[in-house]
Amino acid sequence: MGRQNTFGGRNQNAISFRGNQARSLGPISTTITLIVLACVLGLLYLTQVTKTNAYGYKVNSLLQQQQQLKSEHDDLEVASARLQSLDRVQSSTVAKGLTPIAPSGTVTD
Amino acid sequence: MPPYSSGHFARPLKTVLRARLWYVIIMAVFGLFVVRLFYLQIIRHDYYKQSATTGHLKEYEITADRGVIKAHNGTSGVVPIALNQTLFTIYADPSLIKEPAKVAETLAASLKGNQSDYEAKLRSKDTRYVVLARKASREQKDAILKPKYPGIGSQEQPYRTYPNGSLAAQVLGFVNDESKGVYGLEQALNGTLAGQNGELKAVTDINGVPLAANTDNILKQPVAGSDVVLTLDVAMQKQLEDILKGGLERAKSNSGSAIILDPNTGAVKAMANWPTYDPANYGTVADASLFTNASVSAPLEIGSTMKPLTVAAALDHGSVSANYTYFDPSKYVIDNFTVKNIEEDGGPGTKSLADILNLSLNTGATQMLMRMGGSGSEINQTGRQVWYDYMTNHYRFGKATGIEQGYEADGIVPDPNKGYARDLTYANTSFGQAMTATPLQLGAAFSAVMNGGTYYQPHLVDYTVDAKGKKTIKKPTALKNNVVAPSVAKTLQPILEYVVTKHSFSRQFDQNVYSVGGKTGTAQIANPAGGYFENDYNGTYVGFVGGDTPQYVIVVSVNKPKIGGYAGSMAAQPIFGDLAHMLIDKFNVTPKK
């Protein structure tokens with residue numbers, strides 16, 4: 001009785017004996033596995049490339065924004081310089097209201 | 001049958017064969033792929049790479065920002081006088097315009113132009129590109145593009161802009177359409193101001209946006225040009241330009257120049273010529289000579305303003321002493337020509353160095369030349385050689401100063417040993433004829449004498465600031481030491497003060513408080529056909545303003561004034577007077593102790 005329950009007993013299916021042997025994939029399985037692996041790697045690569053390019057667009061957009069802000073900064077600098085220009089200051093109402101002080105260091109005739 | 005024989009458990013032969021067949025087919029297909037890929041990627045690599053990159057690989061030049069030019073503004077720091085601004089060209093493709101009238105209305109409202117003119121352009125049939133406006137501002141561009149009319153576009157373009165208009169225009173020069181500095185500082189410092197353009201070589205998408213994943217992209221960042229801060233003071237420059245213009249109008253002259261220098265460093269504080277132009281609209285200038293800075297590029301015979309230098313040379317050489325007197329015959333016959341003085345100076349008599357400068361004696365300057373040759377009555381080879389040495393090596397006439405300006409001229413000093421009528425020629429040079437120098441060369445040489453003997457290179461750049469913020473101060477460069485002995489300045493300063501005191505100005509100077517000295521010059525103008533014009537003269541003036549020592553040197557030149565009297569006295573001297581008063585009144589000249 002006991003023998004009949006023992007694994008590897010007389011009436012067991014012979015295939016069961018392969019359980020202890022090294023298993024190996026057949027050529028088709030290997031090829032398919034390799035193809036699947038290649039596809040996965042390819043997908044991974046494409047995902048990364050797409051992500052990188054997406055970041056590239058973001059960077060490009062930020063660069064454009066930076067350029068835009070720089071241009072606006074330049075415009076403001078120009079406007080500021082124009083507002084402080086001597087001709088503008090000279091013709092301002094404040095300047096027109098100023099009284100020149102008497103010059104020094106000269107002999108009056 | 002053995003218990004484990006294959007027959008009992010083996011797959012059917014058909015199945016095995018089918019599997020092998022599929023295996024062979026799959027391997028064959030992959031083999032084909034491999035072969036094809038090998039052909040495409042290895043054998044035809046170059047061809048396909050080129051085909052792919054032709055469409056997507058783009059090269060961009062990234063323009064470096066041009067450095068800003070700034071100038072001092074009294075003691076309140078620096079202000080920009082030439083900076084950059086992005087403006088826009090608005091264009092249209094008339095074939096795509098659906099509603100010309102409506103578009104023209106928008107254009108007229110934004111650009112303040114004539115609506116019918118815009119509409120006519122938009123209805124053009126023979127072209128697909130019409131420029132509607134140049135130098136439009138960002139606001140104008142945005143207002144025009146906002147409705148998104150088909151066929152309307154804009155192109156940005158960097159421009160140099162000058163917030164103070166024509167102030168110091170000829171000193172600055174301008175930047176042409178190729179972004180190259182021409183004339184003035186923009187030309188001389190183009191390398192410093194322009195920086196280095198960058199480069200982007202990248203695979204792009206259909207919109208030209210670089211794809212970041214491409215590892216072959218090349219990005220060379222641009223290096224912005226350095227900002228340049230000038231020694232000029234904008235307020236002084238403005239005053240000088242106004243005074244020069246007013247003085248030329250009074251003298252009925254069409255052109256002239258004026259410079260204010262710091263004699264103790266060579267720094268140019270103000271420099272201008274009239275007439276001038278607006279560098280922002282240089283394309284509208286018909287006369288290209290307006291672009292040049294005459295103060296550095298138009299040499300002239302400086303006339304009697306040379307006499308202080310002649311006297312200084314004789315003093316330094318030891319040919320005469322400070323209290324030297326001589327008998328002046330009022331004329332010398334040299335090489336069969338007569339060198340004489342103006343009638344107002346009286347006849348023969350005993351004269352001093354002060355008389356030579358106050359009365360502007362041509363014979364006095366000639367006497368100095370004679371003394372330099374060891375004689376009191378004739379010009380000889382030794383005298384010519386000594387005076388030539390002073391002119392060229394001490395005062396550096398005949399050599400460009402090296403100031404940061406385009407098209408600086410050398411001027412001419414005649415050879416002491418060659419040529420016709422050498423003695424007469426050299427007699428003429430002793431009072432500023434038969435040689436030429438630019439107003440700047442005159443100012444630099446006079447400064448060297450008045451500061452005690454150091455010839456500082458005239459310069460316009462105070463310091464530069466590069467793209468990383470590194471400040472480089474330009475220290476004064478002494479091109480020549482011992483131009484004259486320090487004692488010469490001490491002798492000349494009171495003599496030149498005396499000259500100013502003896503001449504009339506609209507407001508006289510209180511020499512007890514400030515030291516103001518100078519000398520007029522009236523020079524005949526050389527006729528290119530030979531000899532001199534009969535009735536055309538240039539008026540010049542060189543002088544100083546200061547306290548115990550000169551603080552500013554002023555040079556004035558007035559071309560062909562039509563006012564009566566001597567050009568130096570009647571045309572140039574009043575301008576010097578106004579400039580000297582302006583400096584005393586507004587620019588903190590240190591009084592005498």
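So that the names make sense, note that chain A is the first sequence line, chain B the second, and so on, each numbered from 1. As the structure is a prediction and not an experimental result, all values here were calculated from the model.
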The interface call for S80(A) against chain B, heavy-atom contacts under 4.5 Å, is neither

For atom OH of Y60(B), is the number of surrounding heavy atoms from other residues, nucleotides or ligands below 6.0 Å larger than 12? yes

How about K135(B): does its NZ atom have over 12 heavy atoms from other parts shown lying under 6.0 Å from it? yes

If one checks every heavy atom of A580(B) against chain A at 4.5 Å, the contacting part turns out to be neither

Is it true that, when you exclude K51(A) itself, more than 12 heavy atoms of the residues, nucleotides or ligands shown sit nearer than 6.0 Å to its NZ? no

Between the CD atom in Q85(B) and the OG atom in S71(A), the distance rounded to the nearest 0.5 Å is 10.0 Å

Heavy-atom pairs under 4.5 Å with chain B: which of V78(A), L83(A), V89(A), V49(A) has the most? V78(A)

Note: K70(A) and D65(B) closest approach over all heavy atoms is CE-OD2, 2.7 Å

Scored by heavy-atom pairs under 4.5 Å with chain A, the best of E156(B), K238(B), K586(B) is K238(B)

Contact origin within T161(B) toward chain A - heavy atom pairs under 4.5 Å: side chain

As an exercise: rank N73(B), T86(B), D205(B) by heavy-atom pairs under 4.5 Å with chain A and give me the winner. D205(B)

Name the region of N217(B), side chain, backbone, both or neither, that has any atom closer than 4.5 Å to a heavy atom of chain A. neither

List the steps and the verdict of side-chain contact (heavy atoms from CB on, under 4.5 Å) for N164(B) and D87(A). CA-CA 7 Å; N164(B) 283 291; D87(A) 283 333; over 6 Å; no

Under 4.5 Å from any heavy atom of chain A, what part of I81(B) do you find: side chain, backbone, both or neither? neither

Smallest separation among heavy atoms of S85(A) and P163(B), with atom names: CB-O, 3.2 Å

What do you reckon, is CG of N588(B) surrounded by more than 12 foreign heavy atoms closer than 6.0 Å? no

Mark yes when over 12 heavy atoms from residues, nucleotides or ligands other than K592(B) sit less than 6.0 Å from its NZ; otherwise mark no. yes

Let me confirm one number: the CG-CG distance from D74(A) to L83(B), rounded to the nearest 0.5 Å. 8.0 Å

Contact part of I35(A) toward chain B, heavy-atom cut-off under 4.5 Å: side chain, backbone, both or neither? side chain

